[in-house]
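Written below as structure tokens is the structure these notes are about.
The chain is numbered in sequence order, starting from 1. As the structure is a prediction and not an experimental result, all values here were calculated from the model.
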Amino acid sequence: MANRHLSRTVAMQTLYEWDFNGSRGNLDEILARSIENFAPGIDDPKFINDLVSGVREHKAEIDSIIEKTAPEWPIEQITIIDRNILRLGIYELMYAKEVPPKVAINEAVELGKTFGGGSSGKFVNGVLGTLYRQMNPEEATKQASQSK
């Protein structure tokens with residue numbers, strides 16, 4: 001597993017545990033334990049920390065974005081795994097500008113396929129694709145005309 005993909009997996013597992021416990025508990029301790037258990041030899045734990053810290057810092061904004069881009073799915077009705085995969089993907093799309101948008105979306109979809117239910121990958125792709133099109137309407141129009 002590539003380091004960045006492994007980092008996203010550990011970040012997702014950390015956020016999942018924190019969310020499962022009602023966002024209680026020390027997120028930094030959960031993160032340290034997750035790195036120790038799932039990625040003990042990782043080259044760049046800073047990337048994992050940046051993802052987890054970024055989601056924590058922007059969680060209210062990110063959850064609001066999820067509610068707007070998936071209005072038929074109230075945030076508390078989205079499975080914990082899908083909710084945290086979306087949080088990571090949205091954080092990377094909106095705030096981690098060093099990650100190309102298509103990479104952020106693809107990585108989140110792959111996490112959904114690996115850890116979520118049968119339709120998680122499609123759901124994550126739909127929500128993140130909608131957000132990307134809203135963020136970049138000229139790019140979305142250009143891609144739509146090229147696919148015709």
Side-chain angles (χ1 to χ4, degrees), residues 1-25 27-28 30-31 34-35 38-39 42-148:
M1 188 179 295
N3 272 346
R4 287 263 169 145
H5 185 73
L6 176 59
S7 295
R8 287 179 179 95
T9 300
V10 172
M12 184 271 306
Q13 290 168 317
T14 300
L15 292 166
Y16 175 90
E17 181 178 337
W18 188 57
D19 193 11
F20 182 83
N21 291 308
S23 300
R24 291 185 302 271
L27 187 55
D28 294 327
I30 296 169
L31 175 59
S34 293
I35 290 171
F38 303 116
I42 191 102
D43 294 337
D44 187 14
K46 181 184 180 313
F47 182 64
I48 303 169
N49 188 55
D50 290 348
L51 291 172
V52 171
S53 298
V55 169
R56 174 178 37 194
E57 180 181 336
H58 299 285
K59 183 175 173 277
E61 299 158 53
I62 291 169
D63 286 355
S64 175
I65 291 166
I66 293 170
E67 290 172 346
K68 289 175 187 166
T69 53
E72 63 281 354
W73 287 96
I75 194 87
E76 65 277 352
Q77 289 184 6
I78 298 172
T79 65
I80 296 173
I81 198 76
D82 290 352
R83 184 168 56 226
N84 285 288
I85 291 168
L86 286 172
R87 286 174 177 157
L88 277 172
I90 291 169
Y91 170 74
E92 287 198 275
L93 272 176
M94 305 243 354
Y95 303 101
K97 298 301 182 183
E98 73 276 0
V99 177
K102 291 183 181 184
V103 171
I105 293 169
N106 185 56
E107 285 289 329
V109 169
E110 289 303 314
L111 287 173
K113 288 178 181 178
T114 302
F115 296 100
S119 61
S120 291
K122 290 179 183 179
F123 177 64
V124 168
N125 189 51
V127 172
L128 296 180
T130 297
L131 177 59
Y132 176 74
R133 286 187 297 278
Q134 291 172 354
M135 291 170 54
N136 303 289
E138 64 285 343
E139 180 70 22
T141 304
K142 179 181 166 185
Q143 288 178 351
S145 66
Q146 289 176 346
S147 66
K148 289 182 180 180

For the residue pair Trp18 and Arg24, what are the closest heavy atoms and their distance?
CD1-O, 3.5 Å

Close side-chain approach of Lys68 and Leu131, heavy atoms under 4.5 Å
no

Are Lys46 and Asp50 packed together at the side-chain level, in the sense that at least one heavy-atom pair is separated by less than 4.5 angstrom?
yes

Please determine whether side chain to side chain contact (heavy atoms under 4.5 Å, CB included) holds for the pair Leu51 and Met12, giving the CA-CA distance in whole Å, both sets of side-chain angles, and the decisive distance to 0.1 Å.
CA-CA 9 Å; Leu51 291 172; Met12 184 271 306; over 6 Å; no

Heavy-atom pair of closest approach, residues Gly89 and Ala104
O-CB, 4.4 Å

Could you pull out all residues at least two apart from Thr130 that satisfy side chain to side chain contact (heavy atoms under 4.5 Å, CB included)?
Thr69, Arg133, Gln134

Point-to-point distance, once rounded to the nearest 0.5 Å, from CD1 of Ile65 to CG of Leu86
11.0 Å

Close side-chain approach of Asp28 and Arg56, heavy atoms under 4.5 Å
yes

When rounded to the nearest 0.5 angstrom, what is the spacing between CD1 in Ile80 and CG in Leu15?
12.0 Å

Within a radius of less than 6.0 Å around CZ of Phe38, do more than 12 heavy atoms belonging to other residues, nucleotides or ligands occur?
yes

Hey, can you pull the donor-acceptor pairs under 3.5 Å for the side chains in residues 115-125, sequence neighbours left out?
unit_1	atom_1	unit_2	atom_2	d
Ser120	OG	Asp82	OD1	2.8
Ser120	OG	Asp82	OD2	3.1
Ser120	OG	Gly117	N	2.7
Ser120	OG	Gly117	O	3.4

As an exercise, state the distance from CD1 of Ile81 to CG of Leu111, rounded to the nearest 0.5 Å.
8.0 Å

Check whether any side-chain heavy atom of Ser23 sits under 4.5 Å from a side-chain heavy atom of Lys59, and report yes or no.
yes

Arg87 versus Asp63, closest heavy-atom pair with distance
NE-OD1, 2.8 Å

Applying the side-chain contact (heavy atoms from CB on, under 4.5 Å) criterion to Ile48, which one of Asn3, Leu6, Val10 satisfies it?
Val10

Does Ile42 reach the side chain of Phe47, with side-chain heavy atoms less than 4.5 Å apart?
no

Would you check if the side chain of Ser34 reaches a backbone N or O of Ile30 as a donor-acceptor pair within less than 3.5 Å?
yes

Euclidean distance, Tyr16 OH relative to Thr79 OG1, rounded to 0.5 Å
8.5 Å

Rounded distance [0.5 Å steps], OH in Tyr132 versus CG in Leu93:
9.0 Å

How far apart are the closest heavy atoms of Ile85 and Ala108, and which atoms are they?
CG2-O, 3.3 Å

What residue among Glu92, Glu110, Gln13 forms side chain to side chain donor-acceptor pair (under 3.5 Å) with Arg8?
Glu92

CG of Leu31 to OG1 of Thr14: how many Å apart, nearest 0.5 Å?
5.0 Å

